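For reference, the structure discussed in these notes is given below.
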Amino acid sequence: MKQRTIKSDIEIVGIGLHKGVPVKMRLEPLPSNSGIVIYRSDAAVTIPLKKEYVVDTKMATVLGKDGVVVSTIEHLLSAIYAYGIDNLRVVLDNDEIPILDGSASGYCMLIEEAGIQEQEESKKAIKIKKEVVVTTEDGKRVSLKPSNRIVYDFEIKFNHPAIGQQKFHFDYSIEEYKESIAKARTFGFLHEVQYLRSIGLALGGSMENAIVLDETKILNPEGLRYEDEFVRHKILDAIGDMALLEYTMIGEYE
């Protein structure tokens with residue numbers, strides 16, 4: 001397998017989730033072995049997509065370097081990683097990636113419009129050889145297992161009547177990603193949104209770019225895109241965070 005970039009520059013303007021201000025974003029092709037880099041044009045700082053530059057993960061995955069940050073990167077990275085893009089420059093004029101509709105489907109369309117270019121160098125891959133498990137005190141568990149395929153097998157449990165317990169098994173392909181994962185939107189609870197706005201966050205959040213729930217129900221008038229949209233979005237986020245490996249992961253992420 002060969003490395004990939006996009007064929008041409010492509011640009012959009014969208015709203016940032018937390019500040020609620022317009023953000024101009026341009027995707028540019030890069031040569032083989034360049035990796036994914038994010039350039040803050042307003043601050044003239046380049047942040048490589050590497051795990052050592054992660055500075056926060058509480059409300060979103062945030063990268064930072066020299067006091068300059070880029071927030072809410074996981075939806076864009078999910079599409080980039082799912083399409084097998086290895087080399088790319090993301091140019092931003094603010095500190096957030098546009099939220100679009102709260103899913104990754106808009107980024108899929110952006111990548112397809114720019115086109116995909118196969119490059120000369122071989123793709124870098126990491127194959128899971130033995131199981132690795134991480135658990136937390138509050139019962140969360142994640143593992144990577146050996147497999148000859150790329151698999152995401154997720155289960156979530158929320159004490160909320162509209163979510164409850166959900167499972168989804170995703171056997172990776174680009175087409176299956178577009179159909180089953182990319183369209184799943186981020187979600188949040190009304191009381192959390194109210195708190196976040198009180199501290200100057202989630203100012204760009206709305207039912208146009210997220211599923212919003214009160215204590216008993218979903219507030220979006222159009223309802224869900226999938227019956228189990230919540231667990232599918234957790235897989236979408238996880239795929240985005242796996243881009244920080246800098247390798248194509250071959251194995252099962254549970």
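Residues: numbered from 1 along the sequence shown. Every heavy atom of this structure was used, including side-chain atoms; hydrogens, water molecules and symmetry mates were not. All of these numbers come straight from a predicted model, not from anything done at the bench.
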Checklist entry - Do Tyr83 and Glu112 have side-chain atoms, one donor and one acceptor, less than 3.5 Å apart? => result yes
Checklist entry - Aromatic ring centroids of Phe168 and Phe154 under 6.0 Å? => result no
Next on the checklist: Can you confirm whether Glu208 is buried at CD, in the sense that more than 12 heavy atoms of other residues, nucleotides or ligands lie under 6.0 Å from that atom?
Outcome noted: no
Checklist entry - What's the verdict on side chain to side chain donor-acceptor pair (under 3.5 Å) for Gln165 and Glu155, showing C-alpha distance, side-chain angles and the deciding distance? => result CA-CA 7 Å; Gln165 191 166 354; Glu155 179 179 355; 2.2 Å; yes
Checklist entry - Below 4.0 angstrom, N of the basic side chain to O of the carboxylate: do Glu246 and Lys50 qualify? => result yes
Item to check | Step-by-step salt bridge (Lys or Arg N to Asp or Glu O under 4.0 Å) determination, Glu121 to Lys2 | outcome: CA-CA 6 Å; Glu121 298 290 331; Lys2 298 296 185 181; over 6 Å; no
Checklist entry - According to the interplanar angle, ranging from 0 to 90°, do the rings of Phe187 and Phe189 count as parallel (below 30°), tilted (30 to 60°) or perpendicular (above 60°)? => result perpendicular
Checklist entry - Looking at Glu96 and Thr72, what are the two nearest heavy atoms and their distance? => result OE2-OG1, 3.6 Å
Next on the checklist: A side-chain contact here means heavy atoms from C-beta on lying under 4.5 Å apart; do Ile250 and Ile126 qualify?
Outcome noted: no
Checklist entry - Is the closest basic N to carboxylate O distance between Arg232 and Glu229 below 4.0 Å? => result no
Checklist entry - Does a donor on one side chain and an acceptor on the other come within less than 3.5 Å for Lys127 and Asn148? => result yes
Checklist entry - Closest approach of Met249 and Ile150, non-hydrogen atoms and distance? => result O-CG1, 3.3 Å
Item to check | Pairing residues for Lys51 by the side chain to side chain donor-acceptor pair (under 3.5 Å) criterion, not counting sequence neighbours | outcome: none
